[in-house]
Amino acid sequence: MFLLRLEQLFRIGKNEIWREIIEKFVKDYTRILDMPDGSYELCHGAFYNVMSTEVKQDNDFEYHKKYIDIHCTISGVERIEGAFFTHFLGNGNYSEEKDAGFFPSIDEKDCTFYVEVGNCAIFMPYEVHKTLLIDDRPNEKCMRLKKAIIKIPHELWEKAC
């Protein structure tokens with residue numbers, strides 16, 4: 001789990017495949033604000049989902065096994081909470097088809113990110129995260145959010161390192 005600026009995404013991958021995926025996304029980034037919600041292909045099996053929604057007071061934790069998730073805010077601000085998978089062992093469910101497992105809320109969390117425009121929160125497989133949360137900082141009450149979630153097959157990370 002970590003938070004980066006969009007332009008720093010190039011630094012975390014160490015091969016050309018990673019660079020190609022990020023370059024393609026960055027080319028689309030300025031147009032995403034005007035794009036409809038949906039799924040868009042990148043390359044090498046990577047894609048991104050565009051989502052416009054209201055932020056929430058609470059949400060379930062989720063995790064993935066097959067994809068690295070990179071949450072990039074296009075407009076608004078989102079609070080994301082992260083927790084280590086060991087807090088959830090023996091709980092939740094997982095859908096192979098959707099590559100998503102969900103857990104009810106727990107009291108323990110290990111980090112909180114405030115993902116503003118131009119920031120990206122990155123979650124590796126099995127890193128549990130709760131997204132689409134209201135920014136709880138004083139004087140920060142943006143209720144609408146538009147974001148892109150880049151989904152990169154985890155095997156590409158393993159090839160990159």
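Nothing here was measured: the structure is a model prediction, and the numbers come from that model.
Salt bridge present: Arg144 and Glu54 bring a charged side-chain N and a carboxylate O closer than 4.0 Å. With salt bridges taken as basic N to acidic carboxylate O contacts below 4.0 Å, none links Lys65 and Glu127. Salt bridge Glu96/Lys66: present, at least one basic N to carboxylate O contact under 4.0 Å.
Under a 3.5 Å cut-off, the side chain of Arg79 and the backbone N or O of Leu133 do not form any donor-acceptor pair. Judged by distance alone, the side chain of Asp99 and the main-chain N or O of His64 form no donor-acceptor pair under 3.5 Å. Judged by distance alone, the side chain of Thr73 and the main-chain N or O of Val115 form a donor-acceptor pair under 3.5 Å. Under a 3.5 Å cut-off, the side chain of Glu78 and the backbone N or O of Leu132 do form a donor-acceptor pair. A side-chain donor-acceptor contact under 3.5 Å links Lys146 to the backbone of Leu33.
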Exercise. Going through the checks in order, is the ring-ring contact (aromatic ring centres under 6.0 Å, His included) test met by His71 and His129?
Worked result: CA-CA 11 Å; His71 295 253; His129 47 289; 5.4 Å; yes

Exercise. Does the salt bridge (Lys or Arg N to Asp or Glu O under 4.0 Å) test come out yes or no for Glu116 and Arg137, once each step is laid out?
Worked result: CA-CA 13 Å; Glu116 298 173 339; Arg137 298 175 293 184; 2.7 Å; yes

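In the hydrophobic clustering of this structure, Leu9 groups with Ile21; members are Ile, Leu, Val, Met, Phe, Trp, Tyr whose side-chain heavy atoms approach within less than 4.5 Å, directly or through other members.
From Asp37, atom CG reaches atom OG1 of Thr53 across 8.5 Å, with rounding to the nearest 0.5 Å. Interatomic distance, Asp69 CG to Cys120 SG, rounded to the nearest 0.5 Å: 12.0 Å. Here Phe2 contributes atom CZ and Phe123 contributes atom CZ; the two are 10.0 Å apart, rounded to the nearest 0.5 Å. Considering OG1 of Thr112 and CG of Asp136, their distance stands at 7.5 Å, rounded to 0.5 Å. Considering OH of Tyr40 and CZ of Arg31, their distance stands at 9.5 Å, rounded to 0.5 Å.
Phe47 has its ring centre less than 6.0 Å from the ring centre of Tyr67. Ring centroids of Tyr94 and Tyr63 are separated by less than 6.0 Å, placing the two rings close together.
Contact detail for Lys147 and Leu145: the closest heavy-atom pair is CD-CD2, 3.8 Å. Here the shortest heavy-atom pairing between Asn49 and Ser39 reads OD1-OG, 3.0 Å.
Using a 4.5 Å heavy-atom cutoff, the side chains of Ile70 and Ile149 are not in contact. Residues Ile68 and Pro125 have side chains in contact (heavy-atom distance under 4.5 Å, counting atoms from C-beta outward). The side-chain heavy atoms of Cys72 and Ile150, taken from C-beta on, include a pair separated by under 4.5 Å.
A side-chain donor-acceptor contact under 3.5 Å links Glu20 and His44.
Remark: Tyr114 engages no residue in a ring-ring contact (aromatic ring centres under 6.0 Å, His included) (not counting sequence neighbours).
Annotation: cation-pi pair Lys151/Tyr48 absent, no NZ/CZ under 6.0 Å from the ring centroid and within 45° of its normal.
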